[in-house]
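We count residues from 1, following the sequence as given. Computed from a prediction, not measured in an experiment: that's the story for all the values here.
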Amino acid sequence: MNFLNKIAAALALAASVGSAGATVIQSGSEQSLQSILCSLYTNAGAPNCNAAPNVNTDQYGHDQRWAIEGSGTAAATFIIEIAGNSAINTFGLYDVNNANRVQLFGGPADAADRAQVSLFANGSLLVNFQSVLPNGSLTNAFSNFFGPGYFTGNTFGFYLGAASGFMYSEASRNAGGADQMVAFRGDGDLIRLPGAMPGVWGSSSYILAWEDLPYASSDKDFNDLVVYVESINGVPEPGTLGLLGLGLAGLAALARRRRKA
């Protein structure tokens, strides 16, 4: 393989790692994940679901590690939970370096419940949780503070606590290295989340959909817990960055050769 072909192959492989949606999602016997996503569009007044992401072909590639945007504050909105263990399932984020966990939602959480998490420069975190009352209004349910050094940096993963144990956005932490969560990124479409006015699904907002049983023995419908998270972005995996760096370095070397010619 010549020099140019090697560069092209490295760049193509890096791109494919970031965009491929390899996790198979099935319809199952309950409300499907595709139907859940479609409902966000139709509830916003859209005439049909054509604009909604396809659950098998539109998965976001960099869904294992995440970082909060420059403000240091992110938010999550509970969309739906369809699981036999819904009363005990928990959802939150964890530090990829020390595995410290921060819970955002517990078993009693319902659609439209919201959580806001702020990460400060000293590694402390503040979580505010709001719950929806029967009349539709929100009440501040609780606040949790995690002291300095609890997080070692602004790189974290999401977790789902289930009856069978903890599931992680980093597949390497799961049984058999399986994906237990898939993500979908906004691209400017109009949607309506539970308890909210219609609004734009922006590019720094994502829908995370979970399977709460080990993938190999699950029904693979990924509707067990679905949440909307905002003001975050996916962090490319080290292997992807290495491939991209190889390609860019190769392009730079080619440019130098051409200048010398």
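Contact between S231 and S205 at its shortest, heavy atoms only, is N-OG, 4.4 Å. The heavy-atom pair separating N122 from S124 by the smallest distance is OD1-OG, 2.7 Å. T73 approaches S118 most closely through the heavy-atom pair OG1-OG, 2.9 Å. Closest heavy-atom contact between A183 and D63: CB-CB, 3.8 Å. Here the shortest heavy-atom pairing between R114 and T77 reads CG-OG1, 3.9 Å. The two atoms that bring C49 and C38 nearest to each other are SG-CB, 2.6 Å, heavy atoms only.
Side chain of Q59 to main chain of F184: no donor-acceptor pair is present (N/O by atom type, distance under 3.5 Å, no hydrogens or angles). Between the side chain of S169 and the backbone N or O of F158, at least one donor-acceptor pair lies under 3.5 Å. For the pair N223 (side chain) and E30 (backbone), a donor-acceptor distance under 3.5 Å is absent. Put simply, the side chain of D221 never gets that close to the backbone of Q26: no donor and acceptor are under 3.5 Å apart. Of the possible polar contacts, one joining the K220 side chain to the Y215 backbone as a donor-acceptor pair under 3.5 Å is found. A distance-only check finds no donor-acceptor pair linking the side chain of Q64 to the backbone of Y168 [under 3.5 Å]. Although no hydrogens or angles enter the test, the distance criterion places a donor-acceptor pair under 3.5 Å between the side chain of N54 and the main chain of T57.
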Fill in: side-chain contact (heavy atoms from CB on, under 4.5 Å) assessment of L33 paired with V226
CA-CA 9 Å; L33 179 59; V226 184; 4.1 Å; yes
Item to complete: For D224 and E81, run side-chain contact (heavy atoms from CB on, under 4.5 Å): C-alpha distance rounded to whole Å, both residues' side-chain angles, the deciding distance at 0.1 Å, then the answer.
Response: CA-CA 5 Å; D224 294 319; E81 185 172 20; 5.8 Å; no
Practice prompt. Might you work through the side-chain contact (heavy atoms from CB on, under 4.5 Å) test for I79 and L193, ending with a clear yes or no?
Written response: CA-CA 7 Å; I79 296 177; L193 296 173; 4.0 Å; yes
Worksheet entry | W201/R185 under side-chain contact (heavy atoms from CB on, under 4.5 Å): CA gap, chis, key distance, verdict | CA-CA 8 Å; W201 182 5; R185 186 181 192 179; 5.8 Å; no
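Side-chain N/O atoms of D95 and T152 include a donor and acceptor closer than 3.5 Å. If you check the side chains of D212 and N89, you find a donor sitting under 3.5 Å from an acceptor. For the residue pair Y206 and N233, a side-chain donor N or O sits within less than 3.5 Å of a side-chain acceptor on the partner. Side-chain contact of D113 with Q130: a donor-acceptor pair under 3.5 Å is absent, judged by distance alone. Checking D189 against Y41 by side-chain atom types alone, a donor-acceptor pair falls below 3.5 Å.
Note that the OG1 atom of T155 and the CG atom of N97 stand 7.0 Å from one another [nearest 0.5 Å]. Taken from CE in M181 to CG in L208, the straight-line distance is 4.5 Å, to the nearest 0.5 Å. Here OG of S27 is found 8.5 Å from CD of Q34. Values are rounded to the nearest 0.5 Å. In this structure, CG in L126 is found 6.0 Å from OG in S143, a value given to the nearest 0.5 Å.
Two different hydrophobic clusters hold Y159 and W66 under the rule that ILVMFWY side chains link at heavy-atom gaps under 4.5 Å. Both F166 and Y94 are assigned to one and the same hydrophobic cluster, defined by single-linkage of ILVMFWY side chains at heavy-atom distances under 4.5 Å. Clustering ILVMFWY residues whenever any of their side-chain heavy atoms sit less than 4.5 angstrom apart, transitively, puts I68 in the very cluster that holds F146. Tracing side-chain contacts under 4.5 Å through hydrophobic residues (I, L, V, M, F, W, Y), one never reaches I80 starting from L213; they form parts of separate clusters. Grouping the Ile, Leu, Val, Met, Phe, Trp and Tyr side chains by contacts below 4.5 angstrom, directly or via other members, places F151 with V229.
Residues that satisfy the side-chain hydrogen bond (donor to acceptor under 3.5 Å, both in side chains) test with T90, not counting sequence neighbours, are absent from this structure. Annotation: side-chain hydrogen bond (donor to acceptor under 3.5 Å, both in side chains) contacts of D179 (sequence neighbours excluded): T23. Every residue two or more places apart in sequence or in another chain that forms a salt bridge (charged side-chain N to carboxylate O under 4.0 Å, His left out) with E170 is listed here: R65, R173.
Contact annotation: the side chain of M167 never approaches that of E211 to less than 4.5 Å [non-hydrogen atoms, C-beta and beyond]. Proximity of L93 to V117: side-chain heavy atoms (C-beta onward) are separated by under 4.5 Å at one or more points. Side-chain atoms of I36 and I82, non-hydrogen and from C-beta on, do get closer than 4.5 Å to each other. Using a 4.5 Å heavy-atom threshold, the side chains of L37 and I207 count as touching. Looking at Y150 and N98, their side chains never come closer than 4.5 Å, going by heavy atoms from C-beta outward. Proximity of L160 to Q180: side-chain heavy atoms (C-beta onward) are nowhere separated by under 4.5 Å.
Under the 30°/60° scheme for interplanar angles, the aromatic rings of W210 and F91 are found to stand perpendicular.
Centroid-to-centroid, the aromatic rings of F129 and F105 come within less than 6.0 Å.
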